[in-house]
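Written out below as structure tokens is the structure these notes cover.
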Amino acid sequence: MGQTQFLEDQFKKYIVNYQRFKNDSSCSYTNVNSEDTQDVSNLFIKHNQCASVVVGDNFTASGYIPKLQATFIFLKTVQEIVTQIGKLRKHKFWNSRKENHFVICRRVNDIKFLPGLMQTIWKQHILNFVVVLVWKRLEIFSYNPFKEEVINVTSHKFWHLHLFPDKLSNLYGYQLRVSLFSYFPLITKENGEWMGEDYIRLQLVTSMINATFKIIEPPENTFFGGAYNDVMNDVTDFCFISHYYMHYLYQGAEYTYTHQPDQIIAVVPFQHQTLFHSYTIFSIFNITVWVSSISMITILVIFTTIINLLKTKVVQINCLEYFSACLGNYLPSFDTKPFTIKIVLLIFILTCIIIRTAFQCFLISTFLTPKPDDKITTISEFRKSNLNIYTSAFLANMILFNENLGARVFNMSGPERTKRLYSLDTSASYIITLTLANKFMATVKSKYARPPFYILEEALVPGMDMYFFQRHSPYLEKFDECLLRQKQYALSEIRIHSGSSLKENISRSENSHIALRMEHLQSVFHIFEIGLGLSVIVFMCEILFKNRRKLII
């Protein structure tokens, strides 16, 4: 049997057994035009029945081609493998995380080169691959970089079932390189220890796959930009800090599925109210009621003064009597008044009772509820306000296109914006993500009964938080799976709250109903106690004064 026929028979055995279980998959063939690879590639194309794309030397895609499930790379020599992988990276339909078959089309004399070849492929961030060659017979080799083990797949009886095992289910303590930086308040580094929700989530995900990680910080004050450069230059594998996805940023990276929804919102300070809009004792009734009450008292004083001129009562005395009646005291000589005057006085006394009751209700309510503030609730109101807006350049590009707020927007760095916000600078509003805003409001509410800021109810731009990885990273899909699992079982929330009931982070709605308890009314009782104490003192003074007067007499 000739060498060519022997090669064809061995490779035919491989492709026939492989495609038996892959009828619904799609694949591509690359490097098929060379004289040394043409015969073998034609054999694969002939016997593989799946939908396929044949990539020639001058291949151009005229339309959209989805990611393919398998790729067959035909090699004349092992030295050209890096070149062929470089060509594959230019095609959008190639998925490095799917099945990659490196087929050496010439018969080899030995397999001493295999460990070096496997490491070369792994350095190109390709994990799911097999090397198919013919030595004494058909040989298929796989590689597990986490154990540094070359696996002879053909040693299995049903080798076609062991071509692409899940190597990421156990990384055997393999060290991943992670970009992290202090991004207050989401993640911080204190005394050499990292803290924050993203760090806890990173620990959980890596523990799921039995991996370790090494933290590599980007250059100082470069933040996401520095982390992105490290990822793209293969200094790190991925950045694990929640990043609000913006379509025009970091386009060279690949992103995980969203692990939490997010929004671009405005944190707005409460505005100082003017004297005419402030809530005071005079705002219990409108101006008509106050004018009517004052007019009634004035008319009563004048009317009764005229009637009682014969009794030489003066205006000042009448004013004091009616003012005393307003406070709930007895009106002197009520029985001696004419019937018409009594009717008017009864109406006056009834009005005084209503006013006193309203005043007492207002006095109690001031101890129970804060003064209402004028809050901006919609984007339209926010646009009409005269507040300046502090934000980062990246977020400004997202909102200016939609909301037409450019005249009042001032760009600043993230740390400067955070410094102003946490120093409670109420001279302007701040545009940040909802994740950061919730952290800020939780901090402020823990220190102040009435926070000086509130979150605008209507979102400026809805979005989502993601982590970014190297393009063609072998870890991306596995991290997606782990993030989905930890989200389903709320693992990070349980770790953050130390086993307590989940709150605030799971449901961002707050209950506005307040159950009145004794602590809400304690101020009223304190005033009542002070009044009783003063009345006792006055009573004792009165007794002492009368006793002294009797002794003198």
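Residue numbers start at 1 and run along the sequence shown.
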Using 0.5 Å steps for rounding, measure from the [atom1] atom of [X] to the [atom2] atom of [Y].
| X | Y | atom1 | atom2 | result |
| --- | --- | --- | --- | --- |
| Leu436 | Phe184 | CG | CZ | 10.0 Å |
| Asn31 | Phe74 | CG | CZ | 9.0 Å |
| Glu477 | Leu168 | CD | CG | 9.5 Å |
| Leu68 | Ser26 | CG | OG | 4.5 Å |

Could you tell me whether the side chains of [X] and [Y] share a donor-acceptor contact shorter than 3.5 Å?
| X | Y | answer |
| --- | --- | --- |
| Asn33 | Gln38 | no |
| Glu457 | Thr377 | no |
| Asp465 | Thr435 | yes |

If you define the side chain from C-beta out and look only at heavy atoms, does anything of [X] sit under 4.5 Å from [Y]?
| X | Y | result |
| --- | --- | --- |
| His259 | Met464 | no |
| Thr212 | Tyr174 | no |
| Phe468 | Phe224 | yes |

Considering residues, nucleotides and ligands other than [X], do more than 12 of their heavy atoms fall under 6.0 Å from its [atom1]?
| X | atom1 | result |
| --- | --- | --- |
| Lys67 | NZ | yes |
| Phe394 | CZ | no |
| Tyr422 | OH | yes |

In plain terms, say whether [X] and [Y] are close enough for a salt bridge, that is, a side-chain N and a carboxylate O under 4.0 Å apart.
| X | Y | answer |
| --- | --- | --- |
| Arg177 | Asp230 | no |
| Lys419 | Asp425 | no |
| Glu8 | Lys13 | no |

Review point. With Tyr143, which residues qualify under ring pair (Phe, Tyr, Trp, His ring centres under 6.0 Å), at least two apart?
Key: none

Review point. Can you name the residues that form a side-chain contact (heavy atoms from CB on, under 4.5 Å) with Lys147, not counting sequence neighbours?
Key: Asn144, Glu149, Tyr172

Check your understanding: Only one of Tyr18, Phe141, Phe102, Phe164 clears side-chain contact (heavy atoms from CB on, under 4.5 Å) with Val130; which?
Key -> Phe164

Check your understanding: Does NZ or CZ of Lys167 come closer than 6.0 Å to the centre of the six-membered ring of Phe129, within 45° of the ring's axis?
Key -> yes

Review point. Is there a donor-acceptor contact under 3.5 Å from the side chain of Thr418 to the main chain of Gly414?
Key: yes

Practice item. Under the side chain to side chain donor-acceptor pair (under 3.5 Å) rule, collect the residues that match up with Gln79, sequence neighbours excluded. Key: Thr77

Study note, to complete from the structure: Looking only at heavy atoms, the pair that brings Pro165 and Asn128 closest together is O-OD1, 4.1 Å

Revision key, fill the gap. Heavy atoms of Lys98 and Asn100 approach each other most closely as O-ND2, 3.1 Å

